[in-house]
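In what follows, a single structure is set out as structure tokens and then discussed.
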Amino acid sequence: MIGAQWGDEGKGKITDLLSRSADVVVRSQGGVNAGHTVVVAGQTFKLHLIPSGILYPNTECIIGSGTVIDPQVLIEEIEQLKALGVTVDNLYISQTAHITMPYHRKIDQASEESRGEYKIGTTGRGIGPTYADKSERTGIRVLDLMNPEHLHKQLGWTINYKNVILEKLYNLPALDSEKVIEDYLKYAEFLRPYVVDSSLKIYKAVQEKKNILFEGAQGTLLDLDHGTYPYVTSSNPIAGGACVGAGVGPTTIDRVIGVAKAYTTRVGEGPFPTELNDSIGKQLGDLGAEFGTTTGRRRRCGWFDAVIGRYAVRINGLDCLAITKLDVLDELEEIKVCVAYEIDGETCYHFPTNASQFADCKPVYKTLPGWQKPTTSCRSLTDLPKEALNYLKFMAELMEVPIAIVSVGPSRDQTIIVEDPIHGPKRALLDADGIRVGET
């Protein structure tokens with residue numbers, strides 16, 4: 001399950017929903033820069049590293065090797081869940097996942113500040129520098145934490161090296177290496193019971209024919225290789241990245257589910273063709289509670305962009321879609337959908353990978369009538385106002401992929417299941433416009 005936009009699509013709720021029938025949920029990339037919000041019986045759970053399936057005690061939750069882990073944040077998250085009565089006995093952490101260190105956070109924040117008007121919009125949580133050290137082969141992994149002697153040797157040199165950067169390049173105080181090592185050895189003892197060979201554990205689950213859900217973080221347009229570079233994250237949130245980050249072969253994956261909002265949002269810097277800097281954009285942000293789970297930053301809001309949607313379908317090989325926050329559009333008199341871009345006077349239906357071209361894109365809109373009726377109590381497609389159903393049909397037609405789930409509110413029960421999102425329909429019933437409306 002992946003995000004089909006710039007992240008923040010409501011993946012937490014959809015993961016929670018899909019976890020009902022999952023034996024294993026795996027988080028395969030990203031770090032504490034991601035945030036998933038799940039609302040259960042009026043109680044809100046905000047998760048950053050732990051897979052959303054943790055709310056089901058019989059579902060094994062694995063933090064894979066492709067993630068980067070801030071142990072302090074992870075321990076706080078574990079303790080918060082315990083305080084809320086949630087068991088974490090079903091949590092497992094990959095021994096080869098990389099660790100975010102204090103110097104990663106400091107360098108991340110200082111580097112972003114030094115960019116001035118050329119800021120990327122990083123969360124400042126040290127994610128980029130952690131992945132950079134991983135690629136430079138100077139990173140610290142979970143298994144390193146478990147070996148005090150080895151950790152002393154490795155961190156002694158690394159912290160001295162990072163201190164030169166902090167002091168000479170950014171004019172920041174040096175870190176106390178002994179204090180850092182002492183803190184991280186304490187984290188290691190707390191986390192030790194959860195550490196496993198995650199790839200082997202997942203492989204055994206595959207052999208046992210268990211239902212495995214790979215939970216994505218961020219979104220397609222934030223992918224390091226295929227997103228709106230340089231305004232991207234430092235990992236691969238696309239479907240193919242799940243194989244690398246979890247340590248499984250591509251033949252393991254037999255279905256890919258994309259999550260998209262009924263409109264579009266973006267956090268941080270970078271071009272955003274359908275952005276609304278007006279009262280409607282503010283209305284979407286207010287009604288949709290568009291504030292980052294991790295940073296609290298207000299998200300930029302705009303109309304649904306079918307061009308990036310079709311790109312997400314292509315890059316990820318999506319089998320179906322989950323559309324979230326349809327209810328946020330309930331009050332609008334009319335709704336626009338971006339069906340194409342205008343670039344240098346020509347109409348373009350495909351996402352331009354040239355960053356300068358994308359920055360100059362002008363959206364080509366199709367306007368649809370709104371429904372101006374509440375949808376939060378709808379539990380089937382037939383409950384929806386005609387205009388809302390037509391809007392979904394139009395989205396499915398543009399994206400060329402069926403809609404399996406429609407979310408009309410943050411709670412678990414505020415969901416319309418159009419078809420089995422995991423196994424697909426046995427035989428879909430299609431209406432004249434091609435959207436699946438049920439199955440025999």
Side-chain angles (χ1 to χ4, degrees), residues 1-3 7 9 11-36 38 45 47-69 74 77-78 81 86-98 131 141-143 191 194-220 223 233 235-259 316-319 322 421-423:
M1 187 210 68
I2 58 89
E9 299 95 348
K11 296 184 295 297
K13 173 181 174 176
I14 304 303
T15 302
D16 174 67
L17 179 72
L18 299 178
S19 296
R20 295 180 186 179
S21 54
D23 300 303
V24 182
V25 179
V26 183
R27 169 79 181 275
S28 57
Q29 49 77 219
V32 296
N33 56 339
H36 289 171
V38 180
F45 298 87
L47 304 169
H48 300 278
L49 280 166
I50 298 177
S52 302
I54 198 69
L55 302 181
Y56 295 92
N58 295 322
T59 299
E60 295 182 332
C61 292
I62 300 173
I63 300 176
S65 60
T67 57
V68 292
I69 296 172
L74 177 56
E77 199 166 314
I78 289 171
L81 286 170
V86 178
T87 180
V88 290
D89 293 342
N90 51 334
L91 176 65
Y92 303 91
I93 302 169
S94 172
Q95 62 184 0
T96 53
H98 278 250
Y131 276 115
R141 299 192 293 177
V142 171
L143 55 84
L191 297 175
Y194 303 99
V195 177
V196 298
D197 181 339
S198 60
S199 178
L200 178 59
K201 190 169 184 61
I202 296 167
Y203 180 68
K204 288 180 177 179
V206 172
Q207 288 184 310
E208 294 168 6
K209 306 297 183 183
K210 289 185 176 180
N211 189 13
I212 305 168
L213 172 64
F214 297 93
E215 172 188 5
Q218 288 94 31
T220 300
D223 187 88
T233 192
S235 59
N236 294 107
I238 60 171
C243 296
V244 179
V248 299
T251 53
T252 301
I253 311 294
D254 52 27
R255 191 160 173 82
V256 184
I257 302 167
V259 184
N316 295 289
L318 296 185
D319 292 295
I422 296 175
H423 303 101

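Note that these values count all heavy atoms, side chains included, but never hydrogens, waters or copies made by symmetry.
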Locate the shortest heavy-atom distance separating Leu81 from Ile54; write the atom from each residue and the value. CD1-CG2, 4.0 Å
Please enumerate all residues that pass side chain to side chain donor-acceptor pair (under 3.5 Å) together with Asn236, with sequence neighbours excluded. Asp223, Asp225
Output, in order, the C-alpha distance, side-chain angles, deciding distance and verdict of side chain to side chain contact (heavy atoms under 4.5 Å, CB included) for Leu213 and Val24. CA-CA 6 Å; Leu213 172 64; Val24 182; over 6 Å; no
Ser21 meets the side chain to side chain donor-acceptor pair (under 3.5 Å) criterion, sequence neighbours left out, with none
Would you check if the side chain of Thr15 reaches a backbone N or O of Lys11 as a donor-acceptor pair within less than 3.5 Å? yes
Is there side-chain contact between Leu191 and Ile78, with heavy atoms separated by less than 4.5 Å? yes
With a 4.5 Å limit on heavy-atom distance, are the side chains of Val26 and Ile212 in contact? yes
Per the salt bridge (charged side-chain N to carboxylate O under 4.0 Å, His left out) rule, what does the pair list look like for residues 49-61, sequence neighbours excluded? Glu60-Lys201
What residues, two or more places apart in sequence or in another chain, satisfy side-chain contact (heavy atoms from CB on, under 4.5 Å) together with Ser28? Ala242, Ala246
Residues Ile257 and Leu318: closest non-hydrogen pair is C-CD2, 4.1 Å
Under the side-chain contact (heavy atoms from CB on, under 4.5 Å) rule, collect the residues that match up with Ser65, sequence neighbours excluded. Ser94, Thr96
Could you walk me through whether Ser235 and Tyr131 pass the side chain to side chain contact (heavy atoms under 4.5 Å, CB included) check? CA-CA 8 Å; Ser235 59; Tyr131 276 115; 3.5 Å; yes
Audit row: Ile14, Met1, side chain to side chain contact (heavy atoms under 4.5 Å, CB included) steps and yes/no: CA-CA 9 Å; Ile14 304 303; Met1 187 210 68; 3.8 Å; yes
Side chain to side chain contact (heavy atoms under 4.5 Å, CB included) for Phe214 and Val25? Distances and angles first, verdict last. CA-CA 6 Å; Phe214 297 93; Val25 179; over 6 Å; no
List in chain and number order the residues that pass side-chain contact (heavy atoms from CB on, under 4.5 Å) with Gln95, two or more places apart in sequence or in another chain; answer none if no residue qualifies. Leu143, Val195, Asp197
Which salt bridge (charged side-chain N to carboxylate O under 4.0 Å, His left out) pairs, counting each pair once, include a residue from residues 18-27, with sequence neighbours left out? none
Considering all heavy atoms, the nearest Glu77-Ile50 contact: OE2-N, 3.0 Å
Shortest non-hydrogen contact between Leu47 and Ser52, atoms and distance: CD1-CA, 3.6 Å
Residues at least two apart in sequence or cross-chain that pass side chain to side chain donor-acceptor pair (under 3.5 Å) with Asp89, listed by chain then number, are Thr87
With no hydrogens and no angle check, is any side-chain donor or acceptor of Gln218 less than 3.5 Å from a backbone partner on Thr233? no
Pairwise side-chain contact, Thr252 with Tyr203, heavy-atom cut-off 4.5 Å (strictly under): no
Taking every heavy atom of Ala239 against every heavy atom of Asn316, the minimum-distance pair comes out as N-OD1, 2.8 Å
Under 3.5 Å: donor-acceptor pair, side chain of Thr67, backbone of Ile63: no
Return the set of residues passing side chain to side chain donor-acceptor pair (under 3.5 Å) with Lys210 (not counting sequence neighbours), or none when no residue passes. Glu208
Calculate, to the nearest 0.5 Å, the distance between atoms CG and CD belonging to Asp16 and Glu215 respectively. 10.0 Å
Which heavy atom of Glu9 sits nearest to which heavy atom of Val259, and what is that distance? CG-O, 3.3 Å
